[in-house]
K.L.:
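Pasting in a structure now, in structure tokens, and then I'll have a few things to ask.
Everything numeric in this text was worked out from a predicted model, so none of it was measured.
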Amino acid sequence: MQDFEKLGVFYLGREYDLAASAIKPEPLLYDAKDLTTHAVCVGMTGSGKTGLCISLLEEAAIDGIPSLVIDPKGDMGNLLLAFPGLAAQEFEPWVDPGEAQRKGKSVPEFARDTAALWSKGLAQWDQDGARIERFRSSVDVAIYTPGSSAGLPITVLRSFDPPAPEVMDDAEARSEKIQTAVGGLLALVGIDADSIKSREAILLSNLLSAAWQAGTGLALTDIVRQVQSPPFDKLGVLDLESFYPAKDRAQLAMSINALLASPDFAPWLAGEALDVQRLLWTHEGKPRISILSIAHLTDAQRMSFVTVLLGEVVAWMRRQSGTGSLRAILYMDEIFGYFPPTAEQPSKRPMLTLLKQARAFGLGVV
């Protein structure tokens, strides 16, 4: 087996000779710190984009680098399918009986053949069960499912608590945090709001700002009440009634209240609160790969969750010390719709901030 176990170096396979259409013997090694300038993987459907990125995440984990994985399609759970023994018994629980039947094999036979196929394939790329075990022992892998109990439940809507002092003391960072929180909430109720022109966004932003300046957070129930009776009587230079009449504010309050009243919304309030630090490291300090699976959500729910999550990542990033090495990876499998070239989706602003500033904090965006 070739020696590619070097800290800060990711093994991605072997180099390819385009002229000879042949694989070279030299390993393809990738410098981990290059990811601090971010990466995008582009290719046709089925060309291996996700497979390549899974390799990146596994290599990072072996080096003790955690990853936060946004999974809109439900593919990234494959990171948990790591079987160091490469034995038929490990594969058997995951065998599709229908596929085995179509191949004219029993489930145990199909599992045995699959294990042999994996062993042979890995050996061709100078990998074995010991390296799989090294991956498994280096990192904790967890799947979170917002709005569902299928995986580990997680909530971003139990309360809108004040951010850390570092964010509160920075006017730009505080404004951005408010905008992502408000954008996520409005996306969830189906309101496509511009943070500069939308009355809904301006009102909610001022409500959050007033609460945070007072050192308190707002639960959704508080927001419903304060939309109807805000703790201020002016927005800008206009009185509240001229800018946003009570009858119009009542419609916004009804939209948010409808979420709270819906039985389908209850799972959104269940589970642990979103904490980026805990998603990246366990309480004992072990690095994690936290997969945020959102395939089961509606488009509006996905946009809401991703927007709030990215806002929390930005806030977490600002609390870190600067570094030139790779500290963590934020990976999103399928960016389509969340980072459009012209439209101003709620998720776009925090993603732009990460692309501009995350390098200084050792956070790689892939």
K.L.:
Decide whether Tyr16 and Leu12 are clustered together by the hydrophobic rule: side chain heavy atoms of Ile, Leu, Val, Met, Phe, Trp, Tyr closer than 4.5 Å, transitively.
P.N.:
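Per the 4.5 Å side-chain linkage, Tyr16 and Leu12 are not co-clustered.
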
K.L.:
Do the side chains of Arg131 and Glu59 get close enough for a salt bridge, i.e. N-O under 4.0 angstrom?
P.N.:
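A salt bridge links Arg131 with Glu59.
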
K.L.:
Using modelled atom types only, decide if a donor and an acceptor are shared between the side chain of His296 and the backbone of Pro146 within a distance under 3.5 Å.
P.N.:
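Here the side-chain-to-backbone pair exists.
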
K.L.:
Identify the two heavy atoms, one from Ala295 and one from Gly74, that lie closest to each other, and give their separation to 0.1 Å.
P.N.:
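Minimum heavy-atom separation between Ala295 and Gly74: CB-N, 3.8 Å.
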
K.L.:
Hydrophobic clustering (ILVMFWY, side-chain heavy atoms < 4.5 Å, transitive) - are Leu57 and Met332 grouped together?
P.N.:
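Hydrophobic grouping puts Met332 apart from Leu57.
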
K.L.:
Between Ile223 and Leu185, is a side chain to side chain contact (heavy atoms under 4.5 Å, CB included) present by the stated rule, with each step listed?
P.N.:
CA-CA 11 Å; Ile223 292 176; Leu185 176 58; 4.1 Å; yes

K.L.:
Within a reach of under 6.0 Å around CD of Glu172, are more than 12 heavy atoms found that belong to other residues, nucleotides or ligands?
P.N.:
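Result for CD/Glu172: open.
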
K.L.:
Rounded to the nearest 0.5 Å, what separates atom CD in Gln357 from atom CG in Leu363?
P.N.:
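Rounded to the nearest 0.5 Å, the CD-CG separation comes out at 11.5 Å.
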
K.L.:
Between Glu90 (side chain) and Gly85 (backbone), is there a donor-acceptor pair under 3.5 Å?
P.N.:
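Judged by distance alone, yes, a pair lies under 3.5 Å.
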
K.L.:
Kindly indicate, with the supporting measurements, whether the criterion side chain to side chain contact (heavy atoms under 4.5 Å, CB included) is fulfilled by Arg327 and Ser321.
P.N.:
CA-CA 10 Å; Arg327 170 182 274 134; Ser321 59; 3.2 Å; yes

K.L.:
Do the side chains of Met351 and Val182 join up, straight or via other hydrophobic residues, at under 4.5 Å, putting them in one cluster?
P.N.:
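Linked within one cluster.
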
K.L.:
Tell me whether Leu204 shares a hydrophobic cluster with Met303, the cluster being built from Ile, Leu, Val, Met, Phe, Trp, Tyr side chains joined at under 4.5 Å.
P.N.:
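Yes, Leu204 connects to Met303 through the hydrophobic network.
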
K.L.:
Decide if atom NZ of Lys33 counts as having more than 12 heavy atoms of other residues, nucleotides or ligands within a radius under 6.0 Å.
P.N.:
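Count not over threshold, so no.
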
K.L.:
Ala100 and Phe110: which non-hydrogen atoms are nearest, and at how many Å?
P.N.:
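It is CB-CB, 3.8 Å.
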
K.L.:
For Lys234, look at atom NZ and say whether over 12 heavy atoms of other residues, nucleotides or ligands are found less than 6.0 Å away.
P.N.:
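12 or below, so no.
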
K.L.:
Is there a side chain to side chain contact (heavy atoms under 4.5 Å, CB included) between Leu326 and Asp63? Walk through the geometry before answering.
P.N.:
CA-CA 10 Å; Leu326 185 64; Asp63 275 7; over 6 Å; no

K.L.:
If hydrophobic clusters are built from ILVMFWY residues whose side chains come within less than 4.5 Å, do Trp118 and Trp125 share one?
P.N.:
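No.
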
K.L.:
For Ser290 and Leu279, indicate whether the former's side chain and the latter's backbone hold a donor-acceptor pair under 3.5 Å.
P.N.:
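Confirmed, Ser290 side chain pairs with Leu279 backbone.
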
K.L.:
Please check if any side-chain donor atom of Arg318 sits under 3.5 Å from a side-chain acceptor atom of Thr353, or the reverse.
P.N.:
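Note: Arg318 and Thr353 side chains miss the donor-acceptor criterion.
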
K.L.:
For a quick test of reading the model, state the closest non-hydrogen atom pair linking Cys53 to Val366 and the distance between them.
P.N.:
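The answer is SG-CG1, 4.4 Å.
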
K.L.:
Can you establish whether the number of heavy atoms outside Gln277 located under 6.0 Å from its atom CD is more than 12?
P.N.:
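Result for CD/Gln277: enclosed.
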
K.L.:
Can any side-chain N or O of Arg288 pair as donor or acceptor with the backbone N or O of Thr282 at less than 3.5 Å?
P.N.:
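Not at all, since once roles are kept as given, no pair shorter than 3.5 Å links the two residues.
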
K.L.:
Okay, side chain of Ser304, backbone of Ala300: is any donor-acceptor separation there less than 3.5 Å?
P.N.:
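Side chain of Ser304 to backbone of Ala300, a donor-acceptor pair under 3.5 Å: no, none is there.
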
K.L.:
Is the side chain of Lys24 donor-acceptor paired with the backbone N or O of Glu15 at a distance under 3.5 Å, no angle test?
P.N.:
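No: the side chain of Lys24 does not pair with the backbone of Glu15.
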
K.L.:
Using a cut-off of 6.0 Å, state whether more than 12 heavy atoms not belonging to Lys73 lie near its atom NZ.
P.N.:
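Counting other residues, nucleotides and ligands, NZ of Lys73 exceeds 12 neighbours.
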
K.L.:
State whether the side chain of Arg136 and the backbone N or O of Ala82 hold a donor-acceptor pair below 3.5 Å, judged by distance alone.
P.N.:
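Here the side-chain-to-backbone pair exists.
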
K.L.:
Start with the C-alpha gap between Arg14 and Asp126, add the side-chain angles, then the distance that decides, and say whether side chain to side chain contact (heavy atoms under 4.5 Å, CB included) holds.
P.N.:
CA-CA 10 Å; Arg14 288 197 289 273; Asp126 301 317; 3.2 Å; yes

K.L.:
Does Arg359 CZ have over 12 foreign heavy atoms under 6.0 Å away?
P.N.:
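No, CZ of Arg359 has 12 or fewer neighbouring heavy atoms, counting only those of other groups under 6.0 Å.
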
K.L.:
Determine yes or no for a side-chain-to-main-chain donor-acceptor pair under 3.5 angstrom, with Asp71 supplying the side chain and Asp75 the backbone.
P.N.:
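Side chain of Asp71 to backbone of Asp75: a pair is present.
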
K.L.:
Mind telling me whether Trp281 and Trp316 have parallel, tilted or perpendicular rings, with 30° and 60° as the class edges?
P.N.:
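Because their plane-to-plane angle lies in the 30° to 60° range, the rings of Trp316 and Trp281 count as tilted.
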
K.L.:
Please check if the side chain of Thr216 supplies one atom and the backbone of Ala211 the other of a donor-acceptor pair under 3.5 Å.
P.N.:
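Such a contact is found between Thr216 side chain and Ala211 backbone.
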
K.L.:
Do any N or O atoms from the side chain of Ser262 and from the backbone of Ala258 form a donor-acceptor pair under 3.5 angstrom?
P.N.:
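Such a contact is absent between Ser262 side chain and Ala258 backbone.
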
K.L.:
With the threshold set at 4.0 Å, does a side-chain nitrogen-carboxylate oxygen contact exist between Glu200 and Arg249?
P.N.:
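Looking at Arg249 together with Glu200, the answer is no, because their closest N to O distance does not fall below 4.0 Å.
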
K.L.:
Which residues pass the side-chain contact (heavy atoms from CB on, under 4.5 Å) test with Leu238, not counting sequence neighbours?
P.N.:
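Partners of Leu238 under the side-chain contact (heavy atoms from CB on, under 4.5 Å) test: Phe243.
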
